[in-house]
Amino acid sequence: MADYRPQHLDTKWQQQWTSGGVFEVDIDPSRPKFYCLEMFAYPSGHAHVGHVRNYIIGDVMARMKRMRGFNVLHPFGWDAFGLPAENAAIKTGTHPETSTLGNIAHMKGQLQRLGISYAWAREIATCLPEYYKFNQWIFLKMYERGLAYRRRSSVNWCPSCKTVLANEQVIDGACWRCGSIVVARDLEQWFFRITQYADELLEGLEALPGWPEKVVVMQRNWIGRSEGARVKFQLVGEPRAAAARSTAGGGTAHVEVFTTRIDTIYGANFIVLSPEHPLVEQFAAGASDLSARAQAFRSQDREARMAGKEGFDTGRQALNPFTGQPVPIWVGNFVLAEYGTGAVMGVPGHDQRDFEFAKAYNLPITIVVQPEDAPMSSATLTEAHEGAGRLVNSGEYDGLSWTEANRRMTRAAAERGIGEGTVQYRLKDWGISRQRYWGTPIPIIYCEKDGVVPAPYEQLPVELPRVDTFTGLGDSPLAQVPEFVNVTCPRCGGPARRETDTMDTFVDSSWYFLRFTDPTNVEIPFDPAAAAYWMPVDFYSGGVEHAILHLLYSRFFTRVLGDVGLVTFDEPFKRLLTQGMVLKNGAVMSKSKGNVVDPDDMLQKYGADALRLYVMFVAPPEKEIEWSDAGLEGSFRFLFRVWRLVDHWAETIGGDGIPACDDETCTESERTLRRKTHDTIRRVTTDIEERVHLNTAVSSLMELVNALYAFSETTRHGAPTRAEPPIGRVERPQTIAALREAIDALVAMIAPFAPHTAEELWLMLGHTEGLTFAPWPLFDPEVARADEIVVPVQVNGKVRARLTVAAGLSEDELRERALADPVVRTHTDGKAIRKVVVANGTLVSVVVS
RNA sequence: GCGGAAGUGGCGGAACGGCAGACGCGCUAGCCUCAGGAGCUAGUUGGGGAAACUCAGUGGGGGUUCGAAUCCCCCCUUCCGCACCA
């Protein structure tokens, strides 16, 4: 018997694939395309089994689709900018570029040793000028369209990473990367106006049936659209001077609130401002301790603000525009400055937060919406009534339903010029400035005379200067490189300074999937024709941790690039799979926990195919899995079992001149084998292509192997065992034909999972063309059709008998046979048969009493 | 608190509303072996029975249905996301 030496096969076939360039692709309009993509990797140094699982999932899809005749684009690249490399440089002195390129080389080797079928000619790394040049190009396009803008703003500052974080990068008030508590800081920042696309991004979610519902919901919540109204409350007794300023700017004579419940406005007994609200300082001009108290709130961190509602009365009042009554204006630490108008109307009867605030500070509570079944009184109220009802204490609106009142009052506010219906989003503009070195320089120049001047396109890329010492101290590292900072203004030729911040690395990953369609273009990010052919990505897989950040930004960029004229579609990812994590000892693998499973160790022991197969078989791709050495060994045993099977039969059934299958002359067991073969083809095909249930695809293949062993037992050649020599040679043409059909199909369908072993077995069977583009086995429903079926018979819902009958028996015959069955009769005798249901010819259900 | 997903043998997991537990791991027995931690064959949800068969069974409780792991309602548990968004 030929030895099964998987490590040897790995090397052999990987060399063949690489030297033949078989995974490289070109545009071919004559064939259907399939763009298969796994989220590219941050080059941390070592890929562990958790990362690798994702690449294997994609590889199974890609290899299967190739065999199905698709022109498959399956590229890979590196999300190569980022903090860890720079932090390592501060610690060890190794330049980020050196460590990053070294890590890429190592990880690329790991992926190649797994036999992942990437088109490596299209490899990209975002830290290379050829790539980030187009981050800058896109930035300039956005700047021209007003989609990139600069403003001073309070930003999330991570004191440990010494940089600004996007809202998306703040988790529970802490830095997403290092966990330090984030503090507020005022800085000039560049922003992308993603909010301009809020509605489009929200509506686009409806057109993503191929996305997990979970991710769609997360994005919908993140965008957080709410319909409501802005309403102005006139300030009472605002000094003339301040009121006058309102026309000149800087001061105002009213306070504007945002509410989704204008129907409750007759119950608005107070106003609460956020501590950051401009009116606070305006009021403080007359009463200076206000300023200090507001400042105390402002300096509270998120945690403290969440801990409890606190507030104070400013002593000022505003007129409720509907009741005409004055209400006090308070400042509350729980009111968010950045949402709505930064001021809310307090309706304690119908908003739980306002209720708690009113109880704490003894503010009056008015009920203005009464539920119809159980009327409440403000004296006995224990919590706010936030639900439905009819209006009371609301003047001319009394008696209206809350929804109707909402409509009418919004209209009335608009007519009176005191408010308007409006839509608010939770989504905020995307702050992209980072005070770090290892990222894309923002292509902006500040000229004393001309102000903000974009770098001219012909000067791109604005290259990242070489910096050799990393201290991690001070502001942007680029600010410390005079030859980078000092430039001449492209407009006037005078002295100017470059922007020294770099871009958030999420910019890099927001369009890399487009770059893969045309990775070497030096003029523009990519050729629109290439994108038109390859996009959208048909199958995209990666971790669910990117459900909001990366996937939302990418959808935003795709729309922007559509406006720029580079693409003609809105949604970049047609089907999204969020793969589960790989756990070891119940925990996510990490260096610090010391529970990392290194794929290279597994390759050495069992070869790439056993690892690939195991990871696919152990659970559905979306589920998290617990790593098991025993399971891996099981997969190895299975492959060895396949190897023995093929080796055992190769001489008999291999090569040319094998007769075609012919059901007319088949024995029963040959028919059974053929049926199993085609049933397996059907199941494996839909499991991979439609359901992406890769684990059940593997188990179907295992069943086919078991069937082949059972079939082998019935022949003179016997089952494949290591020890026993065959009893005799099989010469019967139909046996050979059925075996050939089954084993060819088996080897072909195993190929996406275990490509190295499959290629070798394919060769052993006498095929001269490789498996990469071998046609996927064709399902023949005629062959798969059963002659006999087993029909269970239920009596009162319990299975009492199983009838083996010819397929296609009529319902009447089935009914008759079922009722005649002796076991069924023991349960029906002496009882009245109420009903007999024959369910689509495959089950009989008898009801007796 | 809100939203989402899930709860099935010793374990990982299968089951268009139609035979619960496919497939694998583990375990048991037999065969083969100098030996085997290799391989082949068989068995493996629990209770009763020599067996045929039978009773119970998919987190708990109700319901719809001839028929529910699957659909509906209530509850419990776990995981994930969001969390003063007015």
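Sequence lines set the chain letters: A, B, ... in the order given, protein chains first and strands last, and positions in each chain run from 1. If you're wondering where the values come from, they're calculated on a predicted model, not measured in any experiment. Scope of the values below: all heavy atoms of this structure, side chains included, with no hydrogens, waters or symmetry mates.
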Rounded distance (Å) that lies between atom [atom2] of [N] and atom [atom1] of [X]:
X        : N      : atom1 : atom2 : answer
A:Met218 : B:rC2  : CE    : P     : 19 Å
A:Phe270 : B:rA86 : CZ    : C1'   : 11 Å
A:Gln352 : B:rC2  : CD    : P     : 12 Å
A:Glu256 : B:rA86 : CD    : C1'   : 14 Å
A:Phe640 : B:rC40 : CZ    : C1'   : 13 Å
A:Asp647 : B:rG39 : CG    : P     : 16 Å
A:Phe334 : B:rA83 : CZ    : P     : 18 Å
A:Leu549 : B:rC82 : CG    : C1'   : 14 Å

Side-chain donor/acceptor pairs under 3.5 Å, residues 795-807 of chain A, sequence neighbours excluded:
from, atom 1, to, atom 2, distance (Å)
A:Asn796, OD1, A:Val848, N, 3.0
A:Asn796, ND2, A:Val848, O, 3.3
A:Arg800, NE, A:His827, NE2, 3.4
A:Arg800, NH1, A:His827, NE2, 3.4

Using the [atom1] atom as the point on both nucleotides, what is the distance between [M] and [N], in whole Å?
N      : M      : atom1 : result
B:rU54 : B:rG61 : C1'   : 27 Å
B:rC34 : B:rG46 : P     : 36 Å
B:rC76 : B:rG60 : P     : 15 Å
B:rC75 : B:rU65 : C1'   : 23 Å
B:rC82 : B:rU44 : P     : 47 Å
B:rG63 : B:rG17 : C1'   : 15 Å
B:rA83 : B:rG3  : P     : 16 Å
B:rU64 : B:rA14 : C1'   : 26 Å

> For the side chain of A:Tyr361 and the backbone of A:Trp330, is there at least one donor-acceptor N/O pair under 3.5 Å apart?
Replying inline: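 Such a contact is absent between A:Tyr361 side chain and A:Trp330 backbone.
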
OP1 or OP2 of [N] under 4.0 Å from side-chain N/O of [X]:
X        : N      : value
A:Lys214 : B:rG4  : no
A:Tyr339 : B:rA86 : yes
A:Arg426 : B:rA86 : no
A:Arg220 : B:rG3  : no

> Which comes earlier along RNA chain B counting from the 5' end, the contact point of A:Lys835 or that of A:Val344, where each point is its nearest nucleotide?
Replying inline: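 Result of the comparison: A:Lys835.
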
>> Return whichever of A:Glu356 or A:Glu713 has its heavy-atom-nearest nucleotide of RNA chain B closer to the 5' end.
In response: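 Per heavy-atom nearest nucleotide, the more 5' residue is A:Glu713.
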
Applying side-chain hydrogen bond (donor to acceptor under 3.5 Å, both in side chains), name anything that partners [X], two or more places apart in sequence or on another chain.
X        : value
A:Thr842 : A:Asn840
A:Asp629 : A:Trp627
A:Asp821 : none
A:Thr685 : A:Trp776

> Nucleotide by nucleotide, 5' to 3', does protein get under 4.0 Å of the base (B), only the sugar-phosphate (S), or neither (-) in nucleotides 7-31 of chain B, counting heavy atoms?
Replying inline: -----BSSSB-BBS-BBSSS-----

Is there any salt bridge (Lys or Arg N to Asp or Glu O under 4.0 Å) pair reaching into [range], and which pairs are they, with sequence neighbours excluded?
range                       : result
residues 613-627 of chain A : none
residues 839-849 of chain A : none
residues 686-698 of chain A : A:Lys65-A:Glu689, A:Arg68-A:Glu689, A:Asp687-A:Arg691

>> Looking at A:Phe357, I'd like to know if the NZ or CZ of A:Lys309 sits under 6.0 Å from its six-membered ring centre while staying within 45 degrees of the ring's axis.
In response: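 Checked: cation-pi criterion not met.
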
Look for any protein N or O under 3.5 Å of an N or O in nucleotides 56-59 of chain B and output each such pair with its distance, or none.
from, atom 1, to, atom 2, distance (Å)
B:rA56, OP2, A:Lys798, NZ, 3.0

> What about the rings of A:Phe753 and A:Phe617, do their centers lie closer together than 6.0 Å?
Replying inline: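 Centroid separation for A:Phe753 and A:Phe617: 6.0 Å or greater.
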
Pick out the pairs of N or O atoms, protein on one side and nucleotides 43-45 of chain B on the other, that lie under 3.5 Å.
none

> A:Arg834: what forms a salt bridge (Lys or Arg N to Asp or Glu O under 4.0 Å) with it, not counting sequence neighbours?
Replying inline: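 Applying salt bridge (Lys or Arg N to Asp or Glu O under 4.0 Å) to A:Arg834 gives none.
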
Quick one: look up who [N] pairs with, Watson-Crick or G-U, both distances under 3.5 Å, and put none if it's unpaired.
N      : result
B:rG1  : B:rC82
B:rG26 : B:rU44
B:rC66 : B:rG18
B:rC32 : none
B:rU77 : B:rA6

> Does A:Asp679 pair with A:Arg682 as a salt bridge, N-O distance under 4.0 Å?
Replying inline: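 Salt bridge between A:Asp679 and A:Arg682, a charged N being under 4.0 Å from a carboxylate O: yes.
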
> Under 30°, 30 to 60°, or over 60°: which ring-plane class applies to A:Phe640 and A:Tyr4, parallel, tilted or perpendicular?
Replying inline: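 Taking A:Tyr4 first and then A:Phe640, their aromatic rings lie parallel (interplane angle under 30°).
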
> Does B:rG59 adopt a syn or an anti glycosidic conformation, taking syn as a chi angle within 90° of 0?
Replying inline: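 Anti, since the glycosidic angle lies more than 90° from 0.
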
> With a 4.0 Å cut-off on heavy atoms, is A:Val791 in touch with a base, just the backbone sugar-phosphate, or nothing at all?
Replying inline: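 It contacts nothing in the nucleic acid.
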
>> Using a 4.0 Å heavy-atom cut-off, does A:His350 contact any base of the nucleic acid, only the sugar-phosphate backbone, or nothing at all?
In response: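 Nothing, no nucleic acid heavy atom in range.
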
> Which nucleotide sits closest to the side chain of A:Asn221: B:rG3, B:rC40, B:rC66?
Replying inline: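 Nearest to the side-chain atoms of A:Asn221, counting from C-beta on, is B:rG3.
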
